Structures are given as structure tokens and as C-alpha cells.
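What follows is one structure encoded as C-alpha cells, with my remarks underneath.
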Amino acid sequence: MNNNFERYNPREKEPYWQKIWQERKTFQTANDEKREKYYILEMFPYPSGRIHMGHILNYTLGDVIARYQRAKGKNVLHPMGWDAFGLPAENAAMKNKIHPREWTYKNIDHMRSQLKSLGLTIDWDREFATCDEDYYHMQQILFLDMLEADLVYRRKSKVNWDPIDKTVLANEQVIDGRAWRSGAIVEQKELEQWAFRIKNFAQDLLEGLDKLEKWPEKVRLMQRNWIGRSEGLRILFEIVANDEIKQKTIEVFTTRADTIFGASFLAISPDHPLTKILMQNNQELSEFVIECKKLGTATEDIEKAEKRGFHTGIEVKHPLIRGRNIPIYVANFVLMDYGTGAIFGCPAHDQRDLDFANKYNLSVIPVILPPDESEENFKITDKAYIGPGTLYNSDFLNGLTIEEAKEKISNELESRAIDGKAQGTREINYRLRDWGISRQRYWGCPIPVIHCDQCGIVPVPKEQLPVKLPLDVTFDKPGNPLDHHKSWKNVTCPDCGFAALRETDTMDTFVDSSWYFARFISPKEKTPTNKKLCKEWLPVDQYIGGIEHAILHLLYSRFFTRAMKITGHLDLEEPFDAMFNQGMVTHETYQDKEGNWLSPEQVEIKTINGKREAFSLETGEKVKIGAVEKISKSKNNGVDPDKILKTNGADATRWFMLSDSPPERDVEWSEAGIDSANRFLQRVWKLVWQASTIKERPIEKVETDSEQIRQFRKLVHRTAHQVSIEIETIHFNRAVAQIYELINGLSKFITIVEKHPSASYIAALDEFIEYLILIIAPFTPHLAESCWQILGKTGLVSEASWPKVDQNLLIEENIIMPVQVNGKRRAQISVPKDYAKEKIEQKVLSLEPISRILTDKRVKKIIIVPNRIVNIVV
RNA sequence: GCAGGCGUGGUGGAACUGGUAGACACACAGGACUUAAAAUCCUGAGAAGGUAACCUUCGUGCGGGUUCGAGUCCCGCCGCCUGCACCA
């Protein structure tokens, strides 16, 4: 140890330790181990080209947990891979004339080296990309097994169609109803497509949520709502005889059968079979339906659009009121995918129905009377009543509650029949739809089937797998390159040997990410999974990723787990035991006079008269400081991770990401914040260096204040204890605050020791500093290794155990209790723990400020919450 | 449109199951060290009022309520964010 202090230099130390970890294979995970397993997984990245701040946050969060669990003695699995199929690679191919494959693997190489510079505890031997032939080969096996188990089927479903480019568009490629490239008004087109039967699992997926106790409540709620179980009644309405149509009845699903007497219209989907029949002889209706389809397929757009209907002129008979006929409308807000694609509208008790009725002058008949209202006074004008109440205007249902009325009307309609068919059938419906996986694109996993005129759909025999993506494709014409590739597409049928066509659709990339967690267990296995090893390693103990995946990705993975159980690839209930959703990384925005967004790098922040102001580095002009927003290209408020890592190093970047903001909330990246992280590193480094030099000084023989040492030891142990809790509950910002308090305390202690370097002080200091380093190691691992080294400890801190906590040191002997008068704090007293109530009472009443306040007041009651608070009520 | 979430000083946030609101950090101000600056260290601080040690009042988006006591629970609003099935 030299005697000249040198600042900590992450640029030199970080690559040094990363190399040592790599050489010693510190983070490689063995499959056969006696120790308890811990599988931590962060959502794998899409290889867009470079990592962004969100990735740094995501992987840092996981790495802290991985390092902590490792220190706790667990056998930790922490793998990394690439969600490598998808649209951006094809966009890049069109724009830059680079093959999607080349683009993707180049991006992966770059991003891998970026991630490595973060010092993560990844077992890189297990890495794979979903576009690796080996991975999609295994996925094709899964697909064929699912096909055999009848978990996959063909169905017609709608796509966004660009009539100019003659190509299918993703929702994000549709902007305000127009195609992003050609500008054409998008149409809906029906195609024969593959779908997974996720709906079969609706009930199981719903019930399974109850057991996922370590998932955020809000995610479970979102999934519950997404699955959308509803109990209702399927009602058969009799169509008033009409020459145009042959069918006699129409089916409607409702959850509000109790409001049947308030029904004033029926609305059917533009995709309803009846609509299609009526369109044949009705030009106007055809135009209306075409108009509806111009909204594209996104549910959001359809529901945001103005509610419109088309009066068909067809009527149905009210099932209970003789002589009352109800008109049928075709309405743009009725979805064919849900229920029967037809609803009855009761305007008085549904806002959307009311808006519709008011627009088309349909009658509004209230049938539910709110508690405290009278029949004469209760009116519905433009606000529907959806609360509780009793039935009226409803014949034999009058006076009943909503629940009773549902029951009675269901019984009634069940007992009636039209043409021998029950008029009412109780039914459970789910909002969840089957998962359409067909994509008319090149860069995805090929669906391994062949279409034969003779034999129909023929699975590609497993020994012929993988169906490889052909490399010789071009992107100069619109549409799916696979569809244009003649030699790839034209094959012989494996069954009959005659000419046949290969399926040219590829799979949704959500399929790839639905089972990668299981592949990490044995990434080189010749079957998709190794069931025995999966049994040992799964479920994932902690999964971490963005909240934007709260519904789809997580639900699909849960579905896959079930599908893989049926097909014999997994024996598992749920894939992810605990889930954590981190927030986004945000940054301030800057805008110049012309309204151009300036990047943080083009701006200098100064403080003028105590106010923060921003100036353009280029022109020197004042720049407006805007809101803190999610880092995005459009607002130009991104910061370059490469630059940040280069100037500050991994540890400071990690530390800043974890400071301040609770990880489930958004993290605001700021230049001031990263400076403070750097300062923290230097403070720790200096503290450790000081401690190591004190050891070399001659020992002074002085009395040591052992009580003082005990107080500091309590701080050290309390911090170790608290930080454990904070890491286990993913409250890293709280852990950071605790660590700051620890180094503030140790700074004080070291000045004491410097004054009087006695043997017992020095021993205590050495003990405390060792704790400090072990505590910070999961957060700033490189710095911790360097500190470990100058202290002359053996081995790596990455391999050391988490510090032992002496429980006796956690007990507080004295408690400071606030004393309130009428709920307002007026004083405080220090009492021993579990001090008798009577004694506290005595003490409190004689307390100076209290007795003064209590003169001329009468004490009504004294509330004493043991070890907490005293409240005097006057 | 539907569903879910969030809102606390100048700023990020802390406050376990209702019990001292503002821990910790940033920014700021003052001081020490320095020829000077940077770095570092020390001190101060929610707001308003009382010259003041000290004290009083107000204060967790807004308006009500429950309670001895509410940032926390309940009801009604406002604002912002996320997802919506072909972006990943």
C-alpha cells in the first residue's frame, strides 16, 4: 500500500475486474449442485443496435439481486439472450439494404459488449438468440406438438391491409388510419391464419393469478380484467318476418338480462353474419361497413371512434312484451370477437347505449330505480344509471334487486323455447380472445407446415426440421419475401409426394419470448427442454421487466407453460414465481425558441439567481427547460449509455440508477445525479484507503470508549440487516439511503480513530470497513473488489458471504416517544423499551411544555401506544 | 372509449400494518482549506408570522368524511402516465 492517496479510477479498475471474473468463470452456473437454487431473469432485450438507459436499469436491478443471493449462498442462475426476431430488422433491410440476419447479429455483438461493460453476473455460456436456427428449430417442435394436441388451429381473422403496397401492416404502421409508407387508407382484410387456443385456458389462467402472491397486485388485476370473465345470458330474439332474410332468430349475449324490459334496440357487429347477408342488397349498408373497416384493427381506434349505427329496417320481437318490436342496427362499436357479436341496448343503464339512443332518437326506458328515488321523479337524460336499485317498469320483475331479477329472468327465458331451442341459456364469457400468431413477414420463426391440395395441412416431419429461413431474399418489393421465394415455397408433400406449398407465415415474436425462460436451463439440449433440469430450476424465482409487458407477454408465457405441460415439455404450474415491474427512465426536455428539441448534450445548465436555467452550447441562447419525459427520439431527450459508461464507469451508473427513485417508479436521469454517484464512490474509496493506512500507524495506548464502539457497531449491523430486507423487497433506493447513513457514520468514526489509534479502535474499524464493503458489493461490485484488495482480504468479494448480523445489536434499549396533545406533537420523551404505561403517564404530565399547555385544560383521556406514541386528549 | 397506476419542500424521494411528515440525496446559501479555482470538509434550511433563544399558524394535487390521531382508510373531483391483442 503506498502512502499517496489516489482517486479511484473506474476506467482502469472495471475492465480489470471484469477480466478476472471472466477468467475465473465466477458467474458460470453449474446444473448439478447441492446448494439451493435461485433463478433470476430479466426480460431479454430486443437487439435494436445499442442498449438504452432502460436496459441498464433493468439489468442492474437484476444484478443486485443476483449478487446478493450469491452472497447468501444460493446457486444463482442469471442468463442472457436476445429477442431477435421482429419488424425493425426488416425495416432496416428495406432502408439500408442490409440483410435482417446480418443486421441483427451485428447489433447483438455490439450490445453484448455494452452489457458486459456493466459488470453483470451473467452466465454468458448460456446465451442464445431467438433467431438462432437451433432455437427456432426447438420452437417448431413445440408448434407441431401443439398442433397435434389441438392447441393450434386455422381461422379467419382480420389484418390491416395496405391497398397500395399490397401488404399487411402492424398496428404501429397505421397512423390515423393511413399506412405509414404509402399513405393509403388502411382496410381490414380477412385472412386464413394460425391461432393458439389460449381461450381454452381462460378459467385456469384466471384462477392461477390467485396463487401468484409475489406478483404486483396491479399486474394481477390487469390480467384479470384482460381475461374478463363475465357471467350472463345468451338470449334468442325472434326476427320479425322479412322476405330478405331466411334466418328466424338472432342470438345476443348480455350480462344485464335484468334490464331486458328497458331494451330499445339491438346492435350487431359490422362483421356479423347477418350484416353480411343484408349487405348483399343494400348499397348504403355496404358503404357503412366499409367505412367502419377503415379504422383498422386496433381496438383502441375502434372504441375511440364516434359511435355510429346503421338502421337496417329489420326488427326483432321483444321476448316478453307482446307487440313491442325492437329495431336492429349495425353499430361500429360492437365487436364480433366477443359474445355473439350482437347486443341488446338498454340506454337507461349503459352509457354507451344511452349515447347511441340519444343520437338515433331511440326510446329510453328506465327499469332500475336507485335507492332514495321515486318513480315519478327519477329521470334519465344524458347520464345512464349503472348503480344498484330495484326493478320497475318491468312486469314480473318489479320490486326485485338486480341480482334477483337476473336470476328470475334467466329461469324464465330458459324455460321458454323457440323452434325447440331454449330462448335463454346461461353462459360464461371471456373477453380474452384466441392468440393469432400468423405474421406475413420474413424475419420470424417459420411455421412448419405444408399445404397440399390432396392431403390438406401436413406438418413438416420432425426429422426434416428445422424449416430454415432462406437467406437469399430481397426486400425491394412489398409483401412477404417468403411468399415470393419460389424454390423455398414450392415443395413436395411429405405425405403424398405431389407438389405442395410451404406455409409462408411466420410466428408472432411473442411466441419466441413465451418459453425462452425454460430454454436457458439447458440451451444446448437436443429437445426444447430438459424436463428433469427444468423441474429443479423452475419456476423463475424473480422475473424483472417493464410494466408495458404486464398483460400480453406475461399471459402468453403463462399459457405456454400450460401448453408445454400438455405436450410433455414441462411439468410446471406457473413460469414466474415473483414478478417485478420497473419504471421507465426519463429525462428533462429542452426546447429552443424555434421549438426544436435539444438533446441534453447540446445544453448547459447554469444557476442564475438561484434558478436553474439552460443555455444552448452552440448558440449560447437561453433554452426552455421542459417537462421530464420518457426518453424518446421525438423529444430528443436521450442520453447515450456509451458515453455515460465511458465517463463515469459502470459502478457510478449502477449506483445512480438505484439511488433516489423506487425502482417501480420512473427514474429521472440527471447529470447532477450521476455526479453525486461519482462522489459516493470516491468517498467510499477514500474511507477504505484511510482505514488501511491507519493500520500501519504506531498503536497508541489509550483508553477506548467501548460503549462508543458498541454504538457504531449497532449502526453497522442495523445497516446490514436493513439492506438485506431492502434488497429482498426490491427497495434499492431505501438501501442506498441506509448505506449513505452508514458511510456518514463511519466517516465520523474514522476521525475518532485517527485521533486515538488504539488497538481496539483499529480492530473495530477494520471490522466495520469489511462490513461496509460486503454491503456495497452487490451495488458497486468493481469498487468493492478494489477495496477488498487494498484491505488485503483474500479471494474475491464477489465470492464472499453476506455479513452476519448480530440480532442483539438490533434491539433498541431506549425509545423516543413523541407526545401529542389533541393529535399535535408538543414534546417527546425518552423511555426504556416496554416502559410501564402508568410511569409514562406520570412523566408526560410533568413534562414542561405539556404541563404548560395543559394548565386551564381538562385531560379527557391519555392514549399510549406502547413504544410508539402518547396522545393526550383534552 | 375501456382497463390499470401515480400525485409529498426548489428537485428525486423517505415515513413498516393509521402514530414525530420531509430520512437520504440533489440543487442552493454561508463558512473552513487554497494566491485562486476545482476537489474536500463543516453548518443551515417546508412555508408564513412574531426583531429573537424560542414560539405560533399553515402544510402531503383539490373538496368532503371516518378517527384520540390521516400522506396512509372511505366518497367525489382534477392532472399526469401506461396498456389495449400485428412494436417489442
Side-chain angles (χ1 to χ4, degrees), chain A residues 7 43 45-46 48 83 85-88 159-160 168-174 216 218-219 221-222 224-226 228 296-305 307 333 337 351-352 431-441 508-510 513 546-553 555-556 583-584 586 605 607 610-612 627-630 659-662 664-668 670 672-673 675-677 679-680 682-683 686 725 729 731 733-734 736-741 744 747 751 816-828 849 860-863 865 868-874:
Chain A
R7 283 172 65 80
M43 289 178 185
Y46 178 79
S48 56
D83 191 9
F85 275 136
L87 212 45
V159 293
N160 297 308
V168 176
L169 299 173
N171 280 340
E172 72 158 6
Q173 296 173 323
V174 179
K218 66 169 172 175
V219 173
L221 196 58
M222 280 193 242
R224 257 182 220 119
N225 290 333
W226 187 260
T297 60
T299 320
E300 187 188 352
D301 295 331
I302 293 169
E303 293 197 7
K304 261 191 196 160
K307 308 285 172 281
F333 59 88
D337 296 306
Q351 191 60 46
R352 200 164 54 176
R431 208 183 71 97
L432 181 68
R433 313 202 290 252
D434 275 337
W435 172 14
I437 59 151
S438 277
R439 299 290 180 271
Q440 293 70 39
R441 307 195 201 294
D508 177 6
T509 57
F510 270 123
S513 55
I547 187 72
E548 65 275 17
H549 293 293
I551 298 175
L552 292 179
H553 163 60
L555 198 62
Y556 290 156
M584 297 174 306
T586 62
I605 306 285
T607 305
K611 254 184 94 180
R612 280 183 81 235
V628 174
E629 294 193 54
K630 177 182 172 174
S659 312
D660 293 355
S661 298
E664 69 276 12
R665 267 203 242 169
D666 292 350
V667 175
E668 184 190 341
S670 73
D675 289 346
S676 122
R679 217 171 305 153
F680 167 78
Q682 297 300 343
R683 262 187 89 185
K686 192 166 180 191
I725 294 173
T729 52
H731 291 135
N733 58 319
R734 304 206 291 215
V736 165
Q738 298 276 346
I739 293 171
Y740 271 113
E741 286 190 48
N744 288 344
S747 297
T751 53
I816 293 170
M817 287 176 82
V819 182
Q820 300 179 330
V821 176
N822 280 351
K824 265 190 191 149
R825 197 188 77 99
R826 296 297 173 175
Q828 60 180 37
K860 256 197 211 158
K861 200 159 113 190
I862 299 180
I863 294 157
V865 184
R868 277 253 134 111
I869 203 163
V870 182
N871 192 10
I872 303 166
V873 187
V874 295

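Predicted, not measured: the structure shown is a model, and the values here were computed from it. Residue numbers begin at 1 in each chain, while the letters A, B, ... track the order of the sequences.
A/Asn871 has no side-chain polar atom (N or O) that falls below the 4.0 Å cut-off from OP1 or OP2 of B/G69. Note on A/Lys824: a side-chain N or O is less than 4.0 Å away from OP1 or OP2 of B/C58. Taking 4.0 angstrom as the limit, A/Arg439 places a side-chain polar atom (N or O) nearer than this to OP1 or OP2 of B/C86. Between A/Ser676 and the phosphate of B/A25, there is no side-chain N or O to OP1/OP2 separation shorter than 4.0 Å. In terms of phosphate contacts, A/Arg826 brings a side-chain nitrogen or oxygen within less than 4.0 Å of OP1 or OP2 of B/U56. Note on A/Arg679: a side-chain N or O is less than 4.0 Å away from OP1 or OP2 of B/C26.
Summary of the strand contacts: A/Gln820 and A/Ala737 both lie near RNA chain B, and taking for each the nucleotide with the nearest heavy atom, the more 5' one is attributed to A/Gln820. Across the interface with RNA chain B, nearest-nucleotide mapping of A/Ile551 and A/Gly823 shows A/Gly823 to be the residue nearer the 5′ end.
In this structure, A/Phe510 and A/His549 have perpendicular ring planes: the angle between them is above 60°, well past the 30° mark.
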Write out a two-atom table: protein N or O, nucleotide N or O from nucleotides 72-78 of chain B, distance below 3.5 Å.
none

List, with names and distances, any nitrogen or oxygen atoms from the protein found under 3.5 Å away from nitrogen or oxygen atoms belonging to nucleotides 42-44 of chain B.
none

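Counting only Watson-Crick and G-U wobble pairs whose two key distances fall under 3.5 Å, RNA chain B forms stems of three or more stacked pairs at B:1-7 with B:78-84, B:10-12 with B:24-26, B:28-32 with B:40-44, B:46-50 with B:54-58, B:61-65 with B:73-77.
Contact of A/Gln173 with B/C87 (side chain to base): no donor-acceptor pair of N or O atoms is detected under 3.5 Å. Not a single donor-acceptor contact under 3.5 angstrom links the side-chain atoms of A/Asn171 to the base of B/C86.
B/A14 and B/G63 have their C1' atoms separated by 27 Å, with the value rounded to a whole Å.
Between the A/Asn871 side chain and the A/Ile863 main chain, no donor and acceptor come within less than 3.5 Å of each other.
Not counting sequence neighbours, A/Glu172 has no partner by the salt bridge (Lys or Arg N to Asp or Glu O under 4.0 Å) test. Residues meeting the salt bridge (Lys or Arg N to Asp or Glu O under 4.0 Å) test with A/Arg433, sequence neighbours left out: A/Asp337.
Here the straight-line distance linking atom OH of A/Tyr556 with atom OG of A/Ser513 works out to 10.0 Å at 0.5 Å rounding.
Pairing each heavy atom of A/Arg826 with each of A/Val821, the nearest pair is CG-CG2, 3.8 Å.
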Practice problem: Do nucleotides 5-13 of chain B as a string where each nucleotide becomes B, S or -: B if the base has a protein heavy atom under 4.0 Å, S if just the sugar-phosphate does, - if no protein is that close. | Solution: S-S----BS

